[in-house]
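Quick notes on the structure that follows.
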Amino acid sequence: MPQKTTQKYGKYEYPLNQIYFYLTEGCNLACRHCWQAPRYEESGEQYPKLPVELFEETILEAIPLGLSSVRLTGGEPLIHARFFDLLKIVRREGLSLNIETNGINCTPRVAAEIKKSPNRFVCVSIDGADAATHDWVRGVTGSFKLAKQAVQNLVACETRPQIIMSIMRHNADQVDALVRMAEDLGASSVKFNIVQPIARGKMLQQAGDTLNIADLVRLGRHVDQELAPNTTLRLIFDYPMAFRPLSRIGAGDVNNSCNILGILGVIASGHYALCGIGNHVPELVFGKIGKDRLKDIWEKDSTLTTLRRGLPDNLEGICARCLMKYQCLGSCIAQNFYRTGRLWAPFWFCESAHTEALFPNTRLM
């Protein structure tokens, strides 16, 4: 049986490797599937943004705890009025930079500023191979053209981004075409996200606009077995590890699930949280920047220490029986808690697949 292992960083068995900064409560798109469900912000500073001072304070407190990377997301991070100041702080402290954007504001000037960070990774969301499909998903006419231009602007600045496509009934038939488009644009990879049943994603699921488990498993196998071998791009279909081919896992050719034991979220209100789920679940908010010391939260918060003691052995249901639980760690603890109010609840995808006799028996203990 695989054994749970930990890595020490100085005195820390669990270093704080990365902080996810959810910089804004607003967004310049109105996406049908968004699990954050930010308020639509066409222009101006209508909704709260994380102050630069709190951003900097968090980073300075986190570096002694092991911080090596930050992820800037939202809402939409590029609508933050002082986005360039945030980038300067990240560069000054020598941290890796990860940006998730819809691309609307990724002008040549923004792309050039991002280029100044030597260790950078940018994701641009494109949810269809044509304007009608993407704009329907994103809720704003013209967003497809701007997202494609964002990729081109980044590539021109020697940043080959990852394109992220969120899969739903409206665009599932465009997976192959999107890969070809990504090749033409000069992207580095394509990641296919499954819509999570949180906030707008839950509404989309209830309306029958998401794929069922059988269709998702079938599409994932198509990406892994037919598309991936026939492109120079790295392709990631983001279903749980139990469904991924061992050949691709062994080659390091797929993403692991989120490193829940090495990350922390900061939401736009200035609060620390498990991740952006703190915008929906107050129980997973741990304190506030400037009021609560990050060191105390990271070392002593009851939820974080409970997770360290209990993952993955306390996972319930199908996750308790899965051979991949030592790598997967429940896939998404935030999602599991949102759905059930329990940290150890099984991941919805795996639970549904097991109920429908679609969970791979070869991955069961």
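Numbers here are sequence positions counted from 1.
Here the side chains of Tyr272 and Trp298 are not in contact, with every heavy-atom distance at 4.5 Å or above. Counting heavy atoms from C-beta outward, Arg120 and Ile99 have side chains that stay 4.5 Å or more apart. Residues Glu100 and Arg71 form a side-chain contact, since some pair of their non-hydrogen atoms from C-beta on lies under 4.5 Å apart. With a 4.5 Å cut-off on side-chain heavy atoms, Ile318 and Thr355 do not count as touching. Under the 4.5 Å side-chain criterion, counting only non-hydrogen atoms from C-beta, Leu204 is not in contact with Arg200. Considering only heavy atoms from C-beta on, Val151 comes within 4.5 Å of Ile126 through its side chain. You'll find the side chain of Ile194 reaches within 4.5 Å of the side chain of Trp348, heavy atoms only. The shortest distance between side-chain heavy atoms of Leu307 and Arg309 does not fall below 4.5 Å.
Salt bridge absent: Asp301 and Arg308 never bring a charged side-chain N and a carboxylate O closer than 4.0 Å.
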Apply side-chain hydrogen bond (donor to acceptor under 3.5 Å, both in side chains) to residues Asp127 and His170 and explain how you reach the verdict.
CA-CA 10 Å; Asp127 289 313; His170 200 77; over 6 Å; no
Salt bridge (Lys or Arg N to Asp or Glu O under 4.0 Å) between Glu76 and Lys49, worked out
CA-CA 10 Å; Glu76 168 53 36; Lys49 314 287 187 291; over 6 Å; no
Stepwise salt bridge (Lys or Arg N to Asp or Glu O under 4.0 Å) test for Asp135 and Arg138:
CA-CA 5 Å; Asp135 291 357; Arg138 294 279 156 176; over 6 Å; no
Evaluation steps, salt bridge (Lys or Arg N to Asp or Glu O under 4.0 Å), between Glu316 and Arg342:
CA-CA 10 Å; Glu316 301 168 354; Arg342 305 193 319 276; 2.9 Å; yes
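Between Trp35 and His280, the ring planes lie tilted relative to each other; the angle falls in the 30° to 60° range. Classified by interplanar angle (parallel below 30°, tilted 30° to 60°, perpendicular above 60°), the ring pair Phe237/Tyr239 is perpendicular.
For Arg221, the CZ atom counts as loosely surrounded, since its 6.0 Å shell holds 12 or fewer non-hydrogen atoms of other residues, nucleotides or ligands.
For an aromatic pair to be called close, the ring centres must be under 6.0 Å apart, and Phe359 with Phe243 satisfies this.
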